[in-house]
Every structure is written in structure tokens, then in C-alpha cells.
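Read the structure below first, then the notes.
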Amino acid sequence: MKPACMPPRKRRFPLDELLSWWDRGRRPLPWRRERSAWRTWVSEVMLQQTRVETVIPYFQRFMLLFPAPARLADAADDTVMKAWEGLGYYQRIRNLQRAATLVVESYGGEVPGNPAEFTLLPGAGPYITAAVMSISFKHPLPAVDGNVLRVIARYRGSRADTRQTAQRDRVRRILARVIPPERPGDFNEALMELGALVCTPRKPDCGHCPLAAACRARRLGLTTQLPVRSRRTAPPQIDVAVAVVTHLGKILVRRRSDGHLNGLWEFPGGRLLAGETRKDAILRKCREELNVDLRIKEKIALVRHAYSHFRIQMAVYRAIPETPLPPTGENLRWVTPAELESLPLPGANRKALPAILEGLEKREEEKRS
DNA sequence: CATCCGTGGCT
DNA sequence: TAGCCAAGGAT
């Protein structure tokens with residue numbers, strides 16, 4: 001027992017314990033089978049704010065479709081968006097495709113193994129750069145993600161707010177002095193794996209943690225109180241109304257070409273203004289944006305959906321055009337129900353699709369009888 | 001630096 | 001249910 005007056009001895013980070021835990025316990029995930037830079041890169045982009053179980057099937061389909069950067073660079077936009085549909089954060093795939101194009105143009109199709117060059121590619125921030133460079137090129141750069149922030153906050157017994165950018169930088173500097181030059185990728189993955197499997201947000205399994213003996217949160221009984229994360233304000237709820245405009249068995253869809261949900265196809269309509277009825281909102285948006293007048297029929301679906309910073313309630317009405325049809329083009333098309341199924345759609349539209357197709361089918365039957 | 005960007009699972 | 005969380009980056 002050391003006297004209380006002694007200065008706290010500097011703890012040695014339990015590197016060997018961590019790495020042997022990793023060697024024993026690592027999960028056999030698809031992107032860990034063969035660590036080419038492209039596979040690592042794609043997996044890291046998909047895993048941003050997204051669960052491993054969600055990513056696995058997307059990753060396997062994606063690598064079959066685009067086994068090298070050049071294949072992604074050359075692919076048609078709808079093909080790319082369809083491969084990403086449902087994963088969310090669609091700017092990620094746009095950045096990745098732009099980056100793939102740059103890799104083809106500037107590096108002969110080979111992912112650059114130099115951190116300074118790699119990090120200039122769109123979508124390659126500090127985390128992705130460190131992850132790809134350490135795992136596939138053995139550069140000793142700490143990859144600090146949400147798992148690592150939690151593990152290290154507990155290990156250090158730190159009450160600092162992990163949502164702040166400065167805290168991420170601090171953890172990165174701390175780990176830069178610990179990461180072993182021989183196994184930088186394993187070190188990074190081990191810390192993340194530890195956060196995912198053992199040092200979990202709720203009910204951490206300290207009995208199986210290789211850092212437990214050195215963990216300050218555990219010693220102080222603060223495990224469940226750390227890490228500290230400042231709270232975000234609750235997302236607002238908004239009302240949206242859209243129209244399924246049908247003509248000769250086909251359905252009108254438009255493609256979002258900027259900002260939110262960029263590149264996905266949706267039904268025309270939009271957000272209700274204050275005091276506006278759903279039908280008025282649909283008529284207004286279709287006049288403003290498509291220059292078309294509609295006759296609105298019955299409501300065929302009502303879906304709720306939570307986006308990252310707001311929730312929507314979306315009402316879907318059947319409608320038919322009353323004025324000459326707008327010219328179709330790159331961002332406006334008439335599609336059959338089957339084509340509609342195959343287009344990349346935002347979550348709320350996808351969610352409403354069964355009710356819509358069922359409603360249209362039922363109405364066809366009534367018309368026949 | 002704070003905010004914006006999707007989605008699904010869990011409590 | 002409503003809130004929280006998950007291998008972040010761009011602006």
C-alpha cells in the first residue's frame with residue numbers, strides 16, 4: 001500500500017493485455033478477411049455512426065459491385081445510390097465516389113498510402129485517415145471514434161465532455177504516445193472492439209476487460225457515470241404531405257439534387273406551412289416546383305419517420321394531373337410500380353411504399369368491377 | 001466549435 | 001413512448 005502523500009505513479013498502459021485480448025476475442029467480420037486499403041476504407045465509411053450488423057450485408061454487396069476504386073468511379077449514379085439506400089448519411093457515398101474518381105485520376109487507381117495525401121480526399125477526416133493508414137499501411141496514427149472516447153474516458157476516469165472536439169484531440173494525443181509501431185492497426189481495432197464488446201455504454205463487462213486492473217473509473221466506481229456527454233436538444237417534429245400522382249399506370253417521382261437526401265427519389269410534395277392544410281401544401285409545392293396542377297384524391301398512407309435532426313409525419317395522397325404534364329428529365333420521371341421499387345428512396349418514402357402500392361392496386365380492381 | 005446529416009435497435 | 005446511442009465529416 002503506497003502512502004497517500006506520494007505523488008500518483010504514472011500508470012503503464014496495459015498494451016500487452018489489450019493486444020492479447022484482441023488476438024483472442026476479435027470478431028471475424030467481413031472486412032477483416034483481407035485488409036486491402038480499399039476494403040478497409042469502404043468499411044470505415046459505412047461504419048460511421050452505423051452499427052456493425054447493419055453494415056455487414058451492405059459491405060458484401062458493395063464489394064461485389066465495386067471491387068476497386070475505378071469501378072465505383074465509373075458507376076452510374078442510381079447504381080451507387082441504390083447500393084447505399086437505407087444506410088443513411090448519403091453525403092458519405094457521394095464523397096466516396098468523388099474520392100474514388102480522384103484516386104483513379106491522381107494515383108492510378110491505387111489508394112494512396114501516405115496519410116498527408118489520403119486525408120485530402122473527400123470524406124477522409126482524422127478518424128478514417130488514421131483507421132485506413134494504420135490498418136492497411138501500418139502508420140502509427142490513433143483512430144479515435146466513439147468507442148475509443150468511451151474506453152479512454154473510463155480508463156482515465158475523465159469527466160470531460162466527450163462530445164466536444166477538443167476532447168477528441170486530447171485523446172488522440174494521449175494515444176499517440178501509446179500506440180505500438182509494430183501493430184498500430186491492431187491497437188486501434190482492439191480499442192474499438194473493446195468498446196463494442198466489453199466497455200459498452202450500459203452494463204460494461206469489467207470482469208472480462210484487459211484494462212480493468214488499470215481502469216480509474218472502475219477503481220472509483222464511476223464506470224456507469226462515464227463518459228459524460230452533453231445533451232442535444234430534442235429534434236422538432238414537422239408535418240409533410242406528398243402526392244402519388246398517377247397517369248396511365250405510371251407514378252411521378254422527382255430526384256432530390258441537393259442538400260438533404262441528395263440523389264434519392266421521392267414523391268412530390270413537402271412541408272406544411274403554418275396553418276396550411278395538407279392538400280394545400282401539396283398543390284402549392286407542385287405548382288411552385290413542377291409547374292403542374294393536381295386533383296387530389298383520397299389519403300392512402302400516413303407514416304412517421306425519424307431523421308437525424310427532426311421527425312416527420314408524412315401523409316400520402318393519391319392525385320391525378322389536371323394540367324399538361326411537366327417535361328420529364330434527369331430529375332423528374334414517370335415510373336411503373338416495379339421501377340419505383342428499384343429506385344433509391346428516402347426512409348419515409350420507402351416506409352410508405354407497401355401501403356401506396358396496395359392502395360393503387362385496390363383501386364385498379366374497383367375500376368375494373 | 002456547434003450544427004447538420006439517416007437509420008435501426010434498445011430501454 | 002421518447003430518448004439515447006452507434007467504427008464521423010463537412011461546414
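- At the heavy-atom level, A:Ala143 lies nowhere under 4.0 Å from the strands shown.
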Name the atoms and distances for all side-chain donor-acceptor pairs under 3.5 Å in residues 56-70 of chain A, with sequence neighbours left out.
from, atom 1, to, atom 2, distance (Å)
A:Tyr58, OH, A:Glu85, O, 2.6

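- With hydrogens and angles ignored, the 3.5 Å screen pairs no side-chain donor or acceptor of A:Thr119 with any backbone N or O of A:Pro115.
- With the nearest nucleotide of DNA chain C identified for both A:Arg51 and A:Pro122, A:Arg51 has the one nearer the 5' end.
- Across the protein-nucleic acid pair, A:Glu266 atom CD and B:dG6 atom P stand 12 Å apart, rounded to whole Å.
- Using cut-offs of 30° and 60° for the angle between ring planes, the A:His139 and A:Phe137 rings count as tilted.
- The distance between atom CZ of A:Arg202 and atom C1' of B:dT11, rounded to the nearest whole Å, is 6 Å.
- Residues passing the salt bridge (charged side-chain N to carboxylate O under 4.0 Å, His left out) test with A:Arg170, sequence neighbours excluded: none.
- Taking CE from A:Met46 and CZ from A:Arg92, the interatomic distance works out to 8.0 Å, rounded to the nearest 0.5 Å.
- Atom-to-atom, CG of A:Leu149 to P of C:dC4 comes out at 18 Å; the value is rounded to the nearest Å.
- Residues from residues 56-73 of chain A that place a heavy atom under 4.0 Å from any atom of DNA chain C: there are none.
- For A:Leu96 and C:dG8, the CG to C1' distance is 14 Å, given to the nearest whole Å.
- The ring pair (Phe, Tyr, Trp, His ring centres under 6.0 Å) search around A:Trp265 returns none, not counting sequence neighbours.
- At a non-hydrogen distance threshold of 4.0 Å, A:Gly86, A:Leu87 from residues 77-87 of chain A come into contact with DNA chain B.
- Taking every side-chain heavy atom of A:Gln48 into account, C:dG8 is the closest of C:dG8, B:dG6, B:dA2.
- For the ring pair (Phe, Tyr, Trp, His ring centres under 6.0 Å) test, residues two or more places apart in sequence or in another chain that qualify with A:His305 are A:Tyr307.
- Applying the 3.5 Å distance criterion, the base of C:dG8 shares no donor-acceptor pair with the side chain of A:Tyr127.
- One atom, CZ of A:Arg170, and another, C1' of B:dC1, lie 14 Å apart when rounded to the nearest Å.
- Neither OP1 nor OP2 of B:dG8 sits under 4.0 Å from any side-chain N or O of A:His305.
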When the side chains of residues 188-203 of chain A are checked against the rest of the protein, which donor-acceptor pairs come out under 3.5 Å, sequence neighbours left out?
from, atom 1, to, atom 2, distance (Å)
A:Asn188, OD1, A:Ala143, N, 3.0
A:Asn188, ND2, A:Ser134, OG, 2.9
A:Asn188, ND2, A:Leu141, O, 2.8
A:Glu189, OE1, A:Arg35, NH1, 2.9
A:Glu189, OE1, A:Arg35, NH2, 3.4
A:Glu189, OE2, A:Arg32, NE, 3.1
A:Glu193, OE1, A:Arg27, NE, 3.4
A:Glu193, OE1, A:Arg27, NH2, 2.8
A:Glu193, OE1, A:Arg32, NH2, 3.0
A:Glu193, OE2, A:Arg27, N, 2.9
A:Glu193, OE2, A:Arg27, NE, 3.0
A:Glu193, OE2, A:Arg32, NH1, 3.1
A:Thr200, OG1, A:Arg202, O, 2.8
A:Thr200, OG1, A:Lys203, O, 3.4

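- Aromatic pair A:Phe118/A:Trp41: ring centres closer than 6.0 Å.
- Nucleic acid contact for A:Arg150: sugar-phosphate only, since backbone atoms but no base atoms lie under 4.0 Å from a heavy atom of the residue.
- Nucleotide B:dC4 holds its C1' atom 17 Å from the CZ atom of A:Arg94, rounded to whole Å.
- For the pair A:Thr165 and A:Ala348, both in contact range of DNA chain B, the more 5′-proximal nearest nucleotide belongs to A:Thr165.
- At the phosphate of C:dA6, neither OP1 nor OP2 sits under 4.0 Å from any side-chain N or O atom of A:Tyr89.
- Within the structure, every side-chain polar atom (N or O) of A:Arg311 is placed at least 4.0 Å from both OP1 and OP2 of B:dT7.
- For A:Pro201, counting side-chain heavy atoms from C-beta on, the closest listed nucleotide (C:dC5, C:dG9, B:dG6) is C:dC5.
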Donor-acceptor contacts under 3.5 Å from residues 326-341 of chain A side chains, at least two apart:
from, atom 1, to, atom 2, distance (Å)
A:Asn331, OD1, A:Arg255, NH1, 3.2
A:Thr336, OG1, A:Glu339, N, 3.1
A:Thr336, OG1, A:Glu339, OE1, 3.4
A:Glu339, OE1, A:Thr336, N, 2.7
A:Glu341, OE1, A:Arg350, NH1, 3.2

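- One interatomic measurement links the two molecules: CD of A:Gln49 to P of B:dG6, which rounds to 12 Å at whole-angstrom precision.
- We find that CD1 of A:Ile128 is positioned 13 Å from C1' of C:dA10, with the value rounded to whole Å.
- Comparing A:Glu53 and A:Ala166 by the nucleotide of DNA chain B whose heavy atom lies nearest to each, the residue mapping closer to the 5' end is A:Ala166.
- As judged by a 4.0 angstrom heavy-atom cut-off over every strand, A:Ala131 is placed among residues making no nucleic acid contact.
- Sequence neighbours left out, the pairs with a member in residues 96-116 of chain A that pass side chain to side chain donor-acceptor pair (under 3.5 Å) are A:Asn95-A:Arg98.
- Within the nucleic acid shown, A:Thr50 comes within 4.0 Å of at least one base atom, counting heavy atoms only.
- At a non-hydrogen distance threshold of 4.0 Å, A:Leu29, A:Trp31, A:Arg32 from residues 29-42 of chain A come into contact with DNA chain C.
- Residues passing the ring pair (Phe, Tyr, Trp, His ring centres under 6.0 Å) test with A:Tyr155 are A:Phe13, sequence neighbours excluded.
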Tabulate below the donor-acceptor pairs under 3.5 Å that side-chain atoms of residues 204-213 of chain A make, not counting sequence neighbours, or state none.
from, atom 1, to, atom 2, distance (Å)
A:Asp205, OD1, A:His208, ND1, 3.2
A:Asp205, OD2, A:His208, ND1, 2.8

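- Here A:Arg98 lies out of heavy-atom contact (under 4.0 Å) with every strand.
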